[in-house]
Enquirer: 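I'd like to ask you about the structure that follows.
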Amino acid sequence: MNKSDSYILALDQGTTSSRAILFNDKAQVIGQAQHEFEQIFPKSGWVEHDPMEIWSSQRSALTDVLERNSVSPEKVHAIGITNQRETTIIWDKKTGQPVYNAIVWQCRRTMSLCQKLVDEGKRQLIQDKTGLVLDPYFSASKIKWILDHVDGARKKAEAGELLFGTVDSWITWKLTRGNIHITDPTNASRTMLYNIHTKMWDDELLDLFNVPRSMLPEVRPSSSYIGLAQVGGKEIPICGIAGDQQASLFGQQCFKPGSAKNTYGTGCFLLMNTGTTPVQSSHGLLTTLALGSQCELNYALEGSVFMGGATIQWLRDELGFVRDEHDSAYFAQKVDSNEGVYLVPAFTGLGAPYWDPQAKGALSGLTRGTNRNHIIRAALEAIAYQSLDVLKAMQKDAQLNLQQLHVDGGAIKNNFLMQFQADMIDVDVILSHQAESSAFGAACLAGLASDFWHTMEEIHNKIGAKKTFKPQIDQGLKQQYYQGWQKAVQATLTSVTHHQPYPIL
Ligand code: ADP
C-alpha cells in the first residue's frame, strides 16, 4: 500500500457523540464525521445509552467520513479506537442483543452497593488492587446491578452465555461481527476488576462483585494487531485501543515521569505519567494504567476539576456577563490584576484535594471598585487555580516535579487562561496541535502497530512546533495570587469531607 495514499481511521466513541476521523501519513486530519445519540435518564441520577445506538452512530460516522472524503475501505491502513471509559454493556454471546442499556460512567444508581462495600471495610483492598476509589463511577458495581436486576441475566452469565465489555469491547465485537471479544489494559484498569499490579483480572474482586469470569474480555496490548473489522465488504485491521484520557496522554507525548496533560472541557481532566511506578494517592486521586513511548504499560495519576469551562458557561448563561465564552479573554485582560477578587466555583462541591461535597460557590474580595471584568477574570483564574491544586496534589503523591503541561479541550483557545495557567504552574503550557487529541492518540497506537509510522518521535516531527505559553509572572505576585485563592477556598469549606472522586449527580 502506498502510504501517501492511505490513512489511519480513528473511531472516537464519546459520551454524547460518536466520531470518526481520518489521518494521513503526515498525521494531519483530512476529514471527520460525527453523530450524536440519545442520553437516557430513567430516574434522577441514572444515565444510560442504547448500545445499538452507540454502534449505529459509530458505524454511520465511519461510513460518512469515508464517503465524504472519497476514501475506499482498501485505503484505510488500520483502525484505532478510543472511547468513553467505564460505561458498561452486557450482551448475549449468541444473539448479540444487549440484555440492558449501557450504564454510563456518570450513573449513580449503585451508590448504596458501593456504600455497603465501604461499610464492610473493602475500600483499601480495592484501592490497593485497582488504584481506584470505591465509587459507582467504575464498571464493577454496574455489572453487578445488571446481573441482579435483569430477569434471568445472572443464570445466563453463569452458564457462559453473556459477555461484558466497556465500549471499546462492544465496538470491536460489532466491527468484527462477533468474532473478537477483547479490551486493552487502559480500559480494563477502569473496571475495578483488573489488578493494575499483576495486570490480570482479579479473582478476589470478581468474587466481591459476584461477576463470572467467563463474561470478561481478553486483555490485549493497546497497540497491537487485534482483528479484522468488516467495512463495506472489505477487511481493515484494528491495531489500537485506549480509553479516551489515556489516548490523549499518549497522543500528547506525556511519557516522562512528571509530564502531565490537562483537558479543559466542561470540567478539567488531568493525568500525570508516573513511569513504571504505581503511585498510591493520599489526596483521593486515582492510579491508572497508561502508555509509555514504546506503547509499554506505565502508570498515571488522575484527577479532575468539576467546574472548568462550565464556569464560563455560567458567566454567560446565568450572569449574562459574556455573549460568547471566547469574549472572556478580552474582558479579563482589561484589568491589570485580580485586585483580590476570587470566584470559588464550588457549584457541585469541591473535588481533589479538598473533597468537600457540601461546599458551595463563593465570590469574595469585592469592593466598590469591582466591576464585571474582575469577575470574569476571577472565573478564568479559578479554572487555573483548581488545575494547579490537582497538579500540586499529584506532585506531592508522586514526589515528582511537573515537567510540562500539555493541554487540549475547548477552552485552550483562551490565551488569557493559558498564560495564567503557565504563570501559576511555573512550567511551559504546550497546546495540542489539534482539538482531537484522544482520536489522535488512538490513531498513533494503530499507526505504530501497523508499521504506518515507526516511532512517536517520527510522528511528532511531522507535526512540528506547537504553540507554547511560558511562565512570565513575578514570583512574589504569583505567591500573592495563590495565597488569596487558598484563603478564598478555605472560606467555602464545610467540615464534611468525603473521599468521593466525583460529585453526586
Ligand atoms: P466537552 O468535551 O466537555 O463538551 P469542549 O472541549 O468542547 O468540552 O469545551 C467546551 C467547554 O470549553 C465549555 O465549557 C466552554 O464554556 C469552554 N470554552 C470554550 N471556548 C472557551 C474560551 N474561549 N474561553 C473559555 N472557555 C471556553
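We count ligands from 1, going down the list as the structure has it; atoms in each ligand are counted the same way.
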Enquirer: For the aromatic rings, using the six-membered ring if either is Trp, is the centroid distance between F138 and Y194 under 6.0 Å?
Expert: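 Judged by ring-centre distance (under 6.0 Å), F138 and Y194 do not meet the cut-off.
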Enquirer: Looking at K478 and D426, is there a salt bridge between them, counting it only when a charged N and a carboxylate O are closer than 4.0 Å?
Expert: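 The answer is yes: the pair qualifies as a salt bridge.
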Enquirer: How about F452 and Y7: are their ring centres within less than 6.0 Å of each other?
Expert: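 No; Y7 has its ring centre 6.0 Å or more from that of F452.
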Enquirer: Enumerate the protein residues lying less than 4.0 Å from ligand 1, judged by heavy-atom distances, in chain and residue-number order.
Expert: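 Only G265, T266, G309, A310, I312, Q313, E325, H326, S328, G409, G410, A411, N414 have heavy atoms that fall under 4.0 Å of ligand 1, ordered by chain and number.
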Enquirer: Using the rule given for salt bridge (Lys or Arg N to Asp or Glu O under 4.0 Å), can you reason through K261 versus E302, listing the C-alpha separation, both sets of side-chain angles and the distance that settles it, and then say yes or no?
Expert: CA-CA 10 Å; K261 74 99 193 170; E302 174 172 327; over 6 Å; no
Enquirer: Under 6.0 Å between ring centres: does that hold for W170 and W91?
Expert: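 Centroid separation for W170 and W91: below 6.0 Å.
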Enquirer: Give a yes or no on whether the ring-centroid distance for W46 and F41 is below 6.0 angstrom.
Expert: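 Ring centres of F41 and W46 not closer than 6.0 Å.
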